[in-house]
2 protein chains.
Amino acid sequence: MPRPRSRLRLADVAERAGVSLTTASRALAGRDGVREEVAERVRRISRELGYVANPHARTLAGGTASTVGLIVHQIDDPYFSEIAGGVVQVAGERNLIVQICHSGRNPRNELRQVRHLVAQRVGVIIIAGSGYVDPRMEAEAKAELSVFQDTGGRLAVIGRHFLNADAVRPDNKGGAETITGHLLSLGHRRIAVAAGDLLLSTVADRLAGVVAALERAGLSSPELPVAQAEFTRDGGRVAAERILRDHPDTTAIVALNDAMAIGVLSALRAHRVPVPHRMSVAGFDDVSFAADLAPGLTTVRLPLAEMGRQALSMALRPPAARPRRKSTGHALVVRDSTGPAPSQ
Amino acid sequence: MPRPRSRLRLADVAERAGVSLTTASRALAGRDGVREEVAERVRRISRELGYVANPHARTLAGGTASTVGLIVHQIDDPYFSEIAGGVVQVAGERNLIVQICHSGRNPRNELRQVRHLVAQRVGVIIIAGSGYVDPRMEAEAKAELSVFQDTGGRLAVIGRHFLNADAVRPDNKGGAETITGHLLSLGHRRIAVAAGDLLLSTVADRLAGVVAALERAGLSSPELPVAQAEFTRDGGRVAAERILRDHPDTTAIVALNDAMAIGVLSALRAHRVPVPHRMSVAGFDDVSFAADLAPGLTTVRLPLAEMGRQALSMALRPPAARPRRKSTGHALVVRDSTGPAPSQ
DNA sequence: AGCGCTCGCGAAAGCGCTTTCGAACGGCGG
DNA sequence: CCGCCGTTCGAAAGCGCTTTCGCGAGCGCT
């Protein structure tokens, strides 16, 4: 589909302002070497004409696009959509454009998306969501991203480890310790975990937190029942079924994210297991509607939107000598899905 | 941040293949005028070298970017993130890039985003979410979008009216009639509505459906209590408060989307109004976690992800003479938030 | 053999912008 | 009054790609 020539070029603005293309460019870019009076005139004319630069031309000439690539596992997962909300907000304020890609929790796919973004010459890449402990994939992605950084690209990651990248890191281990401690203090001793793929670093970290809390309480962790399934609502359902079957005397389930917790609650409802009287359920993330579930979900609050905002803000700051780390706080949010352990 | 020259140019591929730039370009684009044997060689070399075209150069030279712009009110609203999920999925399959913008339900902002996308030379724009009945704004946006279409851009809208655009249209009126009918059949007569901004076409359409159902049942609609507030969870809370205060004998509230329904439920819980025994609540959209609320939300199911998929697929098909319309089905989903009207 | 075709390919002209390099100008000291 | 410098601006060279135009070769035809 052939498009007619662009509607309004910088040359048009320059002509109207009675200056050269060069001067117009400099004026609008705020470069110096242009008398303030002239610059102002160019800006005014540009505004009057409604001129908007062609970003492709700009990128081609200049090197880097004013675009940020955001890689999430799945945008319709509230965890990611809330993070994305934060990213899009900051981007909007700075007139940047956000490109969204799904990695679908698939390392190969993620690599592909990274390649895509690099080919696009985006200026910033933000990767949200856990990395894979799978070393081979991780290595390939790392290689690709290092090239990206070496050529001036800015990288920030949320909730995963990555050498040389600015990182926003929720305290997964600490949060898991906190919530496990909450259950212990309610008297629970037979605790089970609904976990996602253990190769996901987030899952591994949170699980480590649960184990740490149990050990600190003097409970031997080797026998900790860990039901591994997808890190989603359906996975939570599956995990809960398995726990009910294999460890029927469990009194509390820690789901390693809210999505799984929802699945767990749903499975428990199907099995007519009263929550929290017979079984306590805890989640992690505090996605926006955790409060509205039946029953309200006790969980660990992570400032998701804020994390997205911080990631982009960090990436946008001039590159530091050493990668920045921003640890986010977490807070225990007690609602109705947890209660005292049944007195047996 | 100056970037070194691109890693690999089409010229490099052409040289290695022993053909001219022109031929290489044609070969990779699948244009004819190049012997199959030569084309195959170019493709092979390109693959071996891992060549990826610079999309900005391509756009600049060619006219249109292989990018789709998606305008949503707010990406962390499940209604939109589920739609976005569908769009991103189809885009991923076709190697397109999705750019997300927030309009924040603000007409002026939406216009700004449209301008931005047009300036970006995106090939496709998808606008999700209701339009504004505000004629002035709408007119400006229409002008902008018409230019976009005239210059070969493809436009699709979801859930709003727009001349000349392919559209995916949930049956807002019909769905609202259905759910109102459900409440009527449960014996409710004093029904109130929690509505968003009436200037939003979605709100207007759904409200019309409620009114139509009531009129068909012989109930005079002029006295229908309509509490207008933001089209969000908070708005739902506000609307519920107002309904409880001004129309204390109401037995059922129709919220015009699930977000408001959640707010309504939350307000009712705060006021200790038992749902559904004292008050039935119905929503609209069936966002993914409506089933997990307390109590499970009776609502109208819209195939949100599918709507996103359809919108992009439609926009990608070669332009038709007349704009395409795709009406989506809807289904009443009865859960626990609605029940028989209290016997007074 | 000579003519006009078609077919396959390459040279070159942009697309709209940024940036380098050099020109013009005015002010200054010598 | 001349030369030098700093400042302000413009001409032009790309950035990497697509596309128009034209050339030359090979074909069938008269």
Side-chain angles (χ1 to χ4, degrees), chain A residues 1-42 46 49-67 118-123 151-152, chain B residues 1-42 46 49-67 118-123 151-152:
Chain A
M1 36 174 144
R3 296 280 274 281
R5 303 179 14 128
S6 167
R7 324 178 307 163
L8 193 59
R9 303 187 320 290
L10 179 56
D12 301 324
V13 176
E15 190 185 356
R16 289 279 285 256
V19 297
S20 80
L21 196 56
T22 315
T23 303
S25 170
R26 276 197 274 248
L28 293 183
R31 295 240 177 304
D32 47 35
V34 175
R35 233 181 321 147
E36 180 48 32
E37 167 203 343
V38 175
E40 178 47 35
R41 178 156 37 100
V42 173
S46 149
L49 264 47
Y51 168 75
V52 184
N54 180 327
H56 302 287
R58 179 172 280 177
T59 301
L60 191 56
T64 307
S66 60
T67 297
V118 171
Q120 281 270 333
R121 271 71 172 173
V122 301
T151 55
Chain B
M1 34 175 145
R3 294 281 273 281
R5 302 183 12 134
S6 168
R7 321 176 311 160
L8 193 59
R9 306 188 315 290
L10 180 56
D12 301 324
V13 175
E15 190 184 356
R16 288 279 285 256
V19 298
S20 80
L21 195 57
T22 314
T23 304
S25 170
R26 277 197 274 247
L28 293 183
R31 296 241 176 304
D32 47 35
V34 39
R35 235 179 320 147
E36 180 48 32
E37 168 203 341
V38 175
E40 178 48 34
R41 179 155 39 98
V42 173
S46 149
L49 265 47
Y51 167 75
V52 185
N54 180 326
H56 299 102
R58 179 172 280 176
T59 302
L60 189 56
T64 308
S66 60
T67 296
V118 171
Q120 280 271 333
R121 273 67 172 173
V122 301
T151 55

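Residue numbers begin at 1 in each chain, while the letters A, B, ... track the order of the sequences. Since the model is a prediction, treat every value here as computed from it, not as a measurement.
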Exercise. Within the structure, does a side-chain N or O atom of B:Tyr51 lie under 4.0 Å from either OP1 or OP2 of D:dG16?
Worked result: no

For this session: Please state whether the phosphate of C:dT18, meaning OP1 or OP2, lies under 4.0 angstrom from any side-chain nitrogen or oxygen of A:Ser25.
Result: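 Yes, within the criterion.
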
What is the distance from [atom1] of [X] to [atom2] of [N], rounded to the nearest Å?
| X | N | atom1 | atom2 | answer |
| --- | --- | --- | --- | --- |
| A:Leu21 | C:dT20 | CG | P | 15 Å |
| A:Leu10 | C:dG16 | CG | P | 11 Å |
| A:Arg9 | C:dG16 | CZ | C1' | 8 Å |
| B:Asn54 | D:dG16 | CG | P | 7 Å |
| A:Arg35 | D:dC9 | CZ | C1' | 9 Å |
| A:Arg41 | D:dC9 | CZ | C1' | 12 Å |
| B:Leu8 | D:dC15 | CG | P | 15 Å |
| B:Leu60 | D:dG16 | CG | C1' | 9 Å |

For this session: Look at the side chain of A:Thr23 and decide which nucleotide, out of C:dC17, D:dG16, D:dG10, has an atom nearest to it.
Result: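 Among C:dC17, D:dG16, D:dG10, the one nearest the side chain of A:Thr23 is D:dG10.
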
Problem set entry | Donor-acceptor contact present, side-chain A:Ser46 to main-chain A:Val42, <3.5 Å | no

Problem set entry | Side chain A:Arg41, main chain A:Ala17, donor-acceptor under 3.5 Å |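 It does hold such a pair.
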
Protein-nucleic acid N or O pairs under 3.5 Å, nucleotides 22-24 of chain C:
none

For this session: Please assess A:Arg16 against A:Leu49 for the test side chain to side chain contact (heavy atoms under 4.5 Å, CB included), listing each intermediate value before the final yes or no.
Result: CA-CA 10 Å; A:Arg16 289 279 285 256; A:Leu49 264 47; 3.5 Å; yes

Exercise. What are the two closest heavy atoms between A:Ala39 and A:Ala27, and how far apart are they?
Worked result: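 Here A:Ala39 and A:Ala27 meet closest at CA-CB, 3.9 Å.
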
For this session: Give, for atom CG of A:Asn54 and atom OG1 of A:Thr59, the distance between the pair rounded to the nearest 0.5 Å.
Result: 8.5 Å

Problem set entry | A:Thr67 OG1 to A:Arg121 CZ distance, which is reported to the nearest 0.5 Å |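 Those atoms lie 12.5 Å apart.
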
Exercise. Would a 4.5 Å heavy-atom cut-off, applied to side chains only, mark B:Leu10 and B:Leu28 as touching?
Worked result: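 Yes, side chains in contact.
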
Exercise. Can you find a heavy atom in the side chain of B:Gln120 that is under 4.5 Å from one in the side chain of A:His56?
Worked result: yes

Exercise. Which sits closer to the 5' end of DNA chain C, B:Val19 or B:Ala61, going by the nucleotide each is nearest to?
Worked result: B:Val19

Exercise. Starting at the 5' end of DNA chain C, which residue's closest nucleotide do you reach first, B:Gly18 or A:His56?
Worked result: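 Between the two, 5'-proximity favours B:Gly18.
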
Exercise. Crowded around B:Glu40 CD? As in, over 12 foreign heavy atoms under 6.0 Å?
Worked result: yes

For this session: With a 4.0 Å heavy-atom cut-off, tell me which residues in residues 26-34 of chain A come close to DNA chain C, sorted by residue number.
Result: A:Arg26, A:Arg31

For this session: Classify the side chain of A:Ser20 versus the base of D:dA11 as yes if they form a donor-acceptor pair under 3.5 Å and no if they do not.
Result: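 Result: no qualifying N/O pair found.
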
